[in-house]
There are 2 protein chains.
Amino acid sequence: MLNPVSRVRRFNRAVTSAVGALDSSFLGRGRPLGAARVLNAIGHGRSDVAEIRDYLGLDSGLMSRLLRSLEDEGVVETSTHADDARRRVAKLTRTGRREFAAYEALSNAQAEGFLAQHAQREALLAAMDLIASALTRERVSLNESDPQSEQARYCLGEYYAELGRRFKQGFDVSLSRDPDAKDMRRPRGTFIVAMSDTLPIGCVGLKGTDHGYAEIKRLWVAPAARGLRLGRRLMDATEDAARELGIALLRLDTNSALPEAGQLYRTTGWREIPRFNDDPYPDLFFEKRL
Amino acid sequence: MLNPVSRVRRFNRAVTSAVGALDSSFLGRGRPLGAARVLNAIGHGRSDVAEIRDYLGLDSGLMSRLLRSLEDEGVVETSTHADDARRRVAKLTRTGRREFAAYEALSNAQAEGFLAQHAQREALLAAMDLIASALTRERVSLNESDPQSEQARYCLGEYYAELGRRFKQGFDVSLSRDPDAKDMRRPRGTFIVAMSDTLPIGCVGLKGTDHGYAEIKRLWVAPAARGLRLGRRLMDATEDAARELGIALLRLDTNSALPEAGQLYRTTGWREIPRFNDDPYPDLFFEKRL
DNA sequence: CATGATGTCTGACTTTAGTCAGATATCATG
DNA sequence: CATGATATCTGACTAAAGTCAGACATCATG
């Protein structure tokens, strides 16, 4: 009753019945589940028919019929794609948007109801984040994005908050050599955000300099996503980007209060070098030749 | 992207697709899912046809047909219930047990595969326990059981380990007034274990004494089950049992290092009294008249 | 022991999901 | 502009799940 496998299986059972209940709550709107799923995919912004088919794993014949039934119902309208007349794009009509809103309200109410039942909300949410990240790990996408985008700013905020918790003297960005956004945009550098579904769960910046090297900055992985080797994936992606940009030498600084970071660098070809800047926070400095 | 409801919904999406994959892994054995589910329910010890139907939420007609198809296949045999000739009981044949074992192996392999993919196993398992307990909270059952049963011993072990972590001087059972098992058996007392599915997640003992009162001992709730008001349920069940046993006065001791326990007692009609024993660990003493 | 309730079974359906082989239109390419 | 690839659609199926009314045997009860 206590071994890890039974615990996973207990979780599976609990979640299977919860998911069943969730699915059947969608049946209350007089539409089969398949059609409801297509409607919701469109509502969530997937307009390309092929993309929806792919996302939901449907046969093209089935997809075509589901789309037709939604059109007959008056909740969806389709048109041909502007760039490619073979493809079709679907969008919701006014009634379709109303139906979608009803499904959204249902989902939100279900989620709120679940949360309302439990004390220790934060613990529960953290557990959910962890599991969701674990389950969708192979679907984590690394996207280059602007260092001032919403996702990037979210990651950086979390990163600073975590440094504040882990450095005994706290962390104040304004005292640190905070990299300029323009140094983390191509062609000088880049900024990569790891997204799991719609949640940013990690980031890293490549900051161009005028000293013949580029610096790795702001490597962060969300607590809920640790153990998935995401740090390594982010570093690999950054090195690839650096090579693309013709950068031959990378440097970074870090702090011994973040042992997992030092560990990562040491096992991926970085070598320790003497201090190369006067930032007050770091106490460890590394270099890697590409 | 960050609010609690979105986090729950992200979890739901992640888990929905995982459950789908799990279900379809059961299709590899040439049997539709419905039939496989019935076979597995029987394998897990549910023999009464009505009980299976209820557990799986099936229509009686459908259930009857599924059972018939399993019989035709030679994996199940049915007979009439010994006490009631209207009811049927189903059991696996030899080949049925072999098929069941194959499904079990599949489930175990799936669970092991999931665990093998992840570092931070313990964190992941703890998150799964927490969520499973939250989802099945209304299905937690409180069972009176022998204080030396496997489940009881598991709970007590966890309880002692937790005291060891929370008391700054640690905890050594042999120094404490460890209650005798025979004082926690009817008619002198009782011992109640809270089970979620097959996992013990809490316990409490009622220890009979010869001094005109009984004592509450070993109240424990698994970390994964906190926030579900399980402590209160356990205490209520114990008080009910005490009333049944004709006990009019209850006492207990606890420690101020366990503030949630003190809080629970104070809000449920217990009043603080002077020390009534010489156990070195407790520093708070309560009494409640039934 | 008559009566209504209960548990199972059967027949006759419907709905949903899914498959597969073309048909048709359009696109990218040389 | 011929050719093969791609995206969607249609027709013709099958399988699985589920529903419903009634049949039948058995049980609990007064």
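Chain letters run A, B, ... following the sequence lines, proteins first and then strands; every chain starts at 1.
Annotation: proximity of residues 43-53 of chain B to DNA chain C (heavy atom, distance under 4.0 Å) is found for B/Val49, B/Ala50, B/Arg53, numbered in ascending order.
Look at B/Arg88 and you won't find any side-chain N or O under 4.0 angstrom from OP1 or OP2 of C/dG7.
We find that CZ of A/Arg68 is positioned 11 Å from P of D/dT8, with the value rounded to whole Å. We find that CE of A/Met63 is positioned 17 Å from C1' of D/dT6, with the value rounded to whole Å. As a whole-Å value, the separation of A/Leu70 CG from D/dT8 P is 15 Å. Going from atom CG of B/Asp23 over to atom P of C/dA17 covers 15 Å, rounded to whole Å.
Inspection of the A/Gln148 and A/Arg185 side chains reveals an N or O donor paired with an N or O acceptor under 3.5 Å. Remark: the A/Gln110 side chain and the B/Asn12 side chain contain an N/O donor-acceptor pair separated by less than 3.5 Å. No hydrogens or angles considered: nothing links the side chains of B/Thr93 and B/Glu77 as a donor-acceptor pair under 3.5 Å. A donor and an acceptor atom, one from each side chain of B/Thr78 and B/Glu71, are located under 3.5 Å apart. A donor atom on one side chain and an acceptor atom on the other are not found under 3.5 Å apart for A/Ser133 and A/Ser196.
B/Arg9 has its side chain within reach of A/Asn108: a pair of non-hydrogen atoms, C-beta onward, lies under 4.5 Å apart. Side-chain contact between A/Arg86 and A/Thr80 is absent, with no heavy atoms from C-beta onward closer than 4.5 Å.
Atom CZ of B/Arg37 and atom OH of B/Tyr103 lie 11.0 Å apart (nearest 0.5 Å). Separation of atoms CE (A/Met184) and OG1 (A/Thr190) is listed at 9.5 Å; rounding is to 0.5 Å.
With hydrogens and angles ignored, the 3.5 Å screen pairs a side-chain donor or acceptor of B/Thr238 with a backbone N or O of B/Leu234.
Applying the ring-ring contact (aromatic ring centres under 6.0 Å, His included) test to pairs two or more places apart or on separate chains, none has a residue in residues 56-78 of chain B. Legend: ring-ring contact (aromatic ring centres under 6.0 Å, His included) pairs involving residues 30-68 of chain A, not counting sequence neighbours, sorted by first then second residue: A/His44-A/Phe100.
Fit an axis to the five pairs at each end of the helix from C/dC1-D/dG30 to C/dG30-D/dC1 and the two axes sit 30° apart, to the nearest 10 degrees.
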Base-contact (B) and sugar-phosphate-only (S) positions in nucleotides 12-22 of chain D, heavy-atom cut-off under 4.0 Å, - elsewhere: B---SSBBB--
Reading 5' to 3' through nucleotides 24-30 of chain C, protein heavy-atom contacts under 4.0 Å coded B for base, S for sugar-phosphate only, - for none: --BS---
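A/Ala237 and A/Leu142 get closest at one heavy-atom pair: CB-CD1, 3.8 Å.
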